[in-house]
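As structure tokens, the structure follows; a few thoughts come after it.
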Amino acid sequence: MLFDTHAHLNAPAFASDLDRVLARAQSKAVSQLVVVGYNLASSRRAVALARRYPGRLYAAVGIHPHDAEQADKASVAAIRDLAAAPGVVAIGETGLDYYRDLAPRARQQAAFAAMLDLAEDLDLPVIIHSRAAIADALAAVEERQLKAGGVLHAFAGEASDVERAVAAGLLLSFAGPLTYRRADMLRAAAAIVPAEWLLVETDCPYLPPQPWRGRRNEPAYLPATVETLATVRGMTSAACAALVTANAERLFGGAGRTG
Ligand SMILES: [Zn+2]
């Protein structure tokens with residue numbers, strides 16, 4: 001059994017064939033997924049999907065840094081209301097993206113702070129997107145008491161970032177780039193993460209593993225990332241799958257899992 005901790009099945013890319021995508025996921029033993037919102041509308045779709053597939057799909061609700069300018073008072077309040085829906089297991093995604101800078105940094109920081117406040121108030125784990133912004137992202141987390149912890153999703157940092165992230169209470173989730181030929185630095189980081197702090201995800205439709213580069217990613221491709229992680233860690237694929245699934249169930253199991 002595998003747990004895809006970050007899938008945008010709420011994205012337009014999956015609008016026409018979601019049932020077939022889910023069937024292929026099931027055929028590869030990817031039996032639980034968190035559908036991650038990135039703005040208000042996609043968070044609503046994530047909640048609707050979690051309702052439709054209870055016990056199989058869960059939802060995260062939040063506002064992505066690219067959409068930070070949408071994070072006014074009303075939207076934050078709407079996310080807070082959505083977080084009470086059945087099947088919601090996390091706040092996110094949220095975070096900082098200084099690489100693409102699609103929203104002004106001050107707005108990104110304000111939206112991130114609002115989402116972290118929600119996670120803290122509601123005792124939900126937080127799903128963090130950080131690109132070229134790791135120092136600011138970790139500093140914001142360190143200022144708070146996030147009892148339910150969280151995850152740095154699609155981790156793209158270096159070994160030197162790992163210890164500080166773990167100390168801040170964040171698991172590290174690895175996606176398709178772990179399998180890329182030139183990703184030796186990322187694999188070196190994956191090798192040193194303490195076992196209980198490892199997760200895997202697809203981030204589909206983005207970041208497909210090596211065999212599917214350039215195509216739409218989907219949850220059925222998750223085993224390729226697990227296999228690479230297993231090699232990096234010197235484990236069997238089965239043991240690695242069991243480890244990351246147990247970690248995901250522990251992180252997301254505290255709330256909303258009744259579907
Ligand atoms: Zn994402």
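Just so you know, these numbers use all the heavy atoms, side chains as well, and skip hydrogens, waters and symmetry mates. Counting starts at 1 for both ligands and their atoms, in listed order.
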Does the structure place the NZ or CZ of Arg131 under 6.0 Å from the centre of the six-membered ring of Tyr98, at an angle of no more than 45° from the ring's axis? no
Under 3.5 Å, is there a donor-acceptor pair linking the side chains of Thr202 and Asp4? yes
Quick test of your reading of the model: are Arg80 and Asp121 salt-bridged, counting only N-O distances below 4.0 Å? yes
When you measure from the side chain of Arg216 to the backbone N and O of Pro205, does any donor-acceptor pair fall under 3.5 Å? no
Atom name in Glu93, limited to N/O/S, at shortest distance from the Zn ion (ligand 1): OE2
So, 2.8 Å as the limit: is an N/O/S atom of His153 located closer than that to the Zn ion (ligand 1)? no
Metal site angle (apex the Zn ion (ligand 1)), NE2 from His6 and OD1 from Asp203, 10 degrees: 90°
Under 2.8 Å from the Zn ion (ligand 1), can any N, O or S atom of His129 be found? no
